[in-house]
Amino acid sequence: MISESLYSGYFPWWNPYINFGIPQYGDMNNGFWNPVMWLIAKTFGYNIWTITYEEMLYILLGGWGIYKVTRELGIQKGIAIISAISYMSCGYISGHLQYLCWITGTAFFPYVLLYFLKINKKPVFKNFILGALTVFLFVASTHPGLIIGAAYFFLFALVTISIFRKNYTRSLYPPKFLLVNGAFLMLGIVFSIGVLISDLDVLRHISRGIKVNLKESLLAPTTFQSYLSILFPVAVNKSSLFDTDVSMRNVFVGIAGLSGFIFFVRFANRKVLTAAMTFLLFFILLSAGGIFKTFFYYTVPLVGYVRLNGEFTYFVLVILLLTGAYGLQKFLANVDVDLLKKLRRFFLGVCLIAMLAAVLVILFSHSSIIYSSGLPGKDFKLAAKNILDRLHFSDLLLISGSIQLITFLIIGKNFSPTKTAFAVTFNLVLNTWLVLPFADLGMKSKQQIHREMAQFPRGLFTQELQSLSKTKFLDSTLKNEFLLLGSYSKKIGYPHEEQYPIELKTTRNFFDDSNLHHFITSQSFIFLSTDTTTGAQTSFDSSILEIKEMGAGYLRLTADNSEYRFITFLQTDYPYWETFINGRSIEHYRSFKTFMSVPIEKGKQEIEFLFKPSPIKKAIFINVAIILIGILSLLHPQLRNRSLFD
């Protein structure tokens, strides 16, 4: 929507297509403030290719960020590289590829963590400015749930550093520790002031501006049984056993990451281990749903606003990978061959037990693809999808167990570094490839997807004057692929309520009124009426109404009115809408529970509807100015390296 608006010469303050319009800047799922998004939207524009490359960029950025974090923590280069690759291939990222606003969070969070460490090691001006900039990138681009999770992550980090400040975290505990971190927090808020203002602006008006109800708050957790994926990631793609959405089930961190975590448990000081496990357990329980999330819902601030619990699993994986890196380093500092052999035998035993359990289920319950009938199909993709659709949990557990068993057999008893590196890398690549989402989109080429996305002309265009029930939108069979068919169609008034988190309260009231909904879908997106009730006489005849210009948050038309008293624009009324008749400002009022109506006199009139959020414009200018001043100040060599709290 932003890309199409810019192409047509409109600044995308308003999205007219999602449920009769929402303020685009208040959509916390679309990265309105994300500079990467603006660069793509203004240059290449968004299509299936740019979306793909953007997502790949975020994954690479996240991997590099984890590499830098582990190096900052004193981890040697080889282990840092393994940690970075494991992060890019972890179950959270591969499971959430369809949720771009979470992938952006995994890209920028490591840099917030990196500068948190740098600032506490060396509280100089440069680190504060760059750290605040990373906070802005994270807050501006990701889902609010990850921001809430990050707040608790850093709260735990601050407590842990304070507890161990006399020994293990001495280098991270500068003089005036609380002042240093308080300054970092405040500077991060200042650099993100525009984002915060726009979010606060819209929270008063959207249905998600208050806590979600408890039932909704318990949706899509990462259940305890999902932790089977930490060793057998392929197995969690099927079965109701996991009792959650498939995207929330995968916590795979690779063999190296898992082994490192076991080494951490083995070598870490008891107090350090207790602190780390408390940290880890908090996020495991928070993401697990059920009674634990219910407890957190009532006792932990902000958690009740998050609808998908599995979102917090991201921090479980970050903790596993960081402690795993530490564990690998401790092990390599004092190699214990006997421990390695015991660990290998343990993994081999677990794999054999899993495979045996899978075989027994197949034999006694007949729950397997081998009992299915019918041919998979001639087309390769169709055949592959048919086979995958028929696989049962037992089949997947057997496959996953076999992959892991073969990996540990390849590693062998002698632990050749080359052979071990090859086996671990091959295992990571194969498991990641096998758990990638494989849905209807995977059955089509990018060219085909692009054709379906681009059925309507590039940019924004004037909508035809006909009833919404007869307006042509993208075919409803594409709903599972594109979800927001109104936006892809670039037409106002998609006849069904679209399930999107950002919806204005008044719009929800409209959709709840079936009689009103039926009346409105019989109208055009702009229409004349004798009254603003459902029994009124209406008209949207093109001989009376003529659209002159139409864009995001803007409509200009002429009306040759002879008998009607009102003109109604089917856009949700919001505080910054302005209306004009013949160039003169005139008050509009809310009609039909959510829309805008203007009294109109007889004769030929020129009418304008304009969305002009002046406070948000000012917030953008202030935010951009703050960031530019911060970046330019880094050019001053003496200021850049000046310590702020000596």
Steps toward ring pair (Phe, Tyr, Trp, His ring centres under 6.0 Å) verdict (F393, F242)
CA-CA 10 Å; F393 167 67; F242 305 101; 5.7 Å; yes
Tell me the closest heavy-atom pair linking L97 and E55, and the distance in Å.
O-OE2, 2.5 Å
Tell me, do T223 and M248 make a side-chain contact under 4.5 Å, heavy atoms counted?
no
Rounded to the nearest 0.5 Å, what separation is found between the OG1 atom of T104 and the CG atom of L146?
8.0 Å
Any idea how W102 and Y99 line up, ring-wise: parallel (<30°), tilted (30 to 60°), or perpendicular (>60°)?
tilted
Parallel, tilted or perpendicular: which fits the ring planes of F156 and F283, with parallel below 30° and perpendicular above 60°?
tilted
Taking the side chain as every heavy atom from C-beta outward, state whether Y67 and K77 have any pair of such atoms under 4.5 Å apart.
yes
Has the side chain of T244 got a donor or acceptor atom that lies under 3.5 Å from a matching backbone atom of T222?
no
Measuring from M277:CE to I319:CD1, what's the distance to the nearest 0.5 Å?
10.0 Å
With a 3.5 Å cut-off and no angle check, do the side chains of D243 and Q225 form a donor-acceptor pair?
no
Any idea which heavy atoms bring K271 and N269 closest together, and the distance?
N-OD1, 2.7 Å
Hey, is the main chain of Q76 close enough, under 3.5 Å, to the side chain of Q329 for a donor-acceptor pair?
yes
So does L219 get a backbone contact from the side chain of N309, meaning a donor-acceptor N/O pair under 3.5 Å?
yes
Distance in Å, I284 CD1 paired with F224 CZ, rounded so as to fall on 0.5 Å steps
8.0 Å
Surrounding CH2 of W49 (heavy atoms of other residues, nucleotides or ligands, distance under 6.0 Å), is the total greater than 12?
yes
Backbone N or O of K341 within a donor-acceptor pair of the R344 side chain at under 3.5 Å?
no
Would a distance-only check, ignoring hydrogens and angles, find a side-chain to backbone donor-acceptor pair under 3.5 Å from Y111 to L61?
yes
Please determine which of F282, F312, F279 meets the ring-ring contact (aromatic ring centres under 6.0 Å, His included) test together with F153.
F279
Donor-acceptor pair, E72 side chain versus L113 backbone, under 3.5 Å?
no
Neighbour count above 12 (heavy atom, 6.0 Å) for K118 NZ:
yes
Rounded to the nearest 0.5 Å, what separates atom CD1 in I255 from atom CD in Q404?
4.5 Å
Side-chain contact, heavy-atom cut-off 4.5 Å: F347 with L231?
yes
I'd like to check F154 versus V112 (side-chain heavy atoms, cut-off strictly below 4.5 Å). Are they in contact?
yes
Which atoms form the tightest heavy-atom contact between E311 and V306, and what is the distance?
OE1-CG1, 3.6 Å
Side chain to side chain contact (heavy atoms under 4.5 Å, CB included) assessment of F108 paired with T142
CA-CA 9 Å; F108 295 122; T142 196; over 6 Å; no
Looking at A256, is its backbone amide N or carbonyl O close enough to the side chain of S259 to form a donor-acceptor pair, meaning the two atoms are under 3.5 Å apart?
no
Give the ring-plane orientation class for Y92 versus H96, where under 30° counts as parallel, over 60° as perpendicular and anything between as tilted.
parallel
Heavy atoms of F116 and L158 approach each other most closely as CE1-CD2, 3.8 Å
Other residues, nucleotides and ligands only: do more than 12 of their heavy atoms fall within 6.0 Å of NZ on K122?
no
Side-chain heavy-atom pair N427, I410 within 4.5 angstrom cut-off:
no
Do any N or O atoms from the side chain of S394 and from the backbone of S367 form a donor-acceptor pair under 3.5 angstrom?
yes
Check whether any side-chain heavy atom of L428 sits under 4.5 Å from a side-chain heavy atom of F252, and report yes or no.
yes
Would you call the rings of Y314 and Y87 parallel, tilted or perpendicular if under 30° counts as parallel and over 60° as perpendicular?
perpendicular
Looking only at side chains, do S86 and S83 share a donor and an acceptor under 3.5 Å apart?
no
With rounding to the nearest 0.5 angstrom, report the OG to CD1 distance, S141 to I103.
11.5 Å
Taking the side chain as C-beta and beyond, is there a heavy-atom pair between L172 and K121 under 4.5 Å?
yes
Aromatic ring centroids of F264 and F331 under 6.0 Å?
no
Side-chain heavy atoms of Y58 within contact of V36, under 4.5 Å:
yes
Quick one, I230 with L320, criterion side chain to side chain contact (heavy atoms under 4.5 Å, CB included). Give me CA distance, side-chain angles, the key distance, then yes/no.
CA-CA 10 Å; I230 202 164; L320 286 174; 4.0 Å; yes
With a cut-off of 6.0 Å (strictly less than), are more than 12 heavy atoms of other residues, nucleotides or ligands near CD1 of I370?
yes
Over all atoms of both residues, closest heavy-atom pair of F138 and A150
CE2-CB, 3.7 Å
Can you measure from CG (L356) to CG (L397) and round to the nearest 0.5 angstrom?
10.5 Å
Taking the six-membered ring for Trp, are F109 and F315 ring centroids under 6.0 Å apart?
yes
So which atom in V253 and which in L258 form the shortest heavy-atom distance, rounded to 0.1 Å?
CG2-N, 3.8 Å
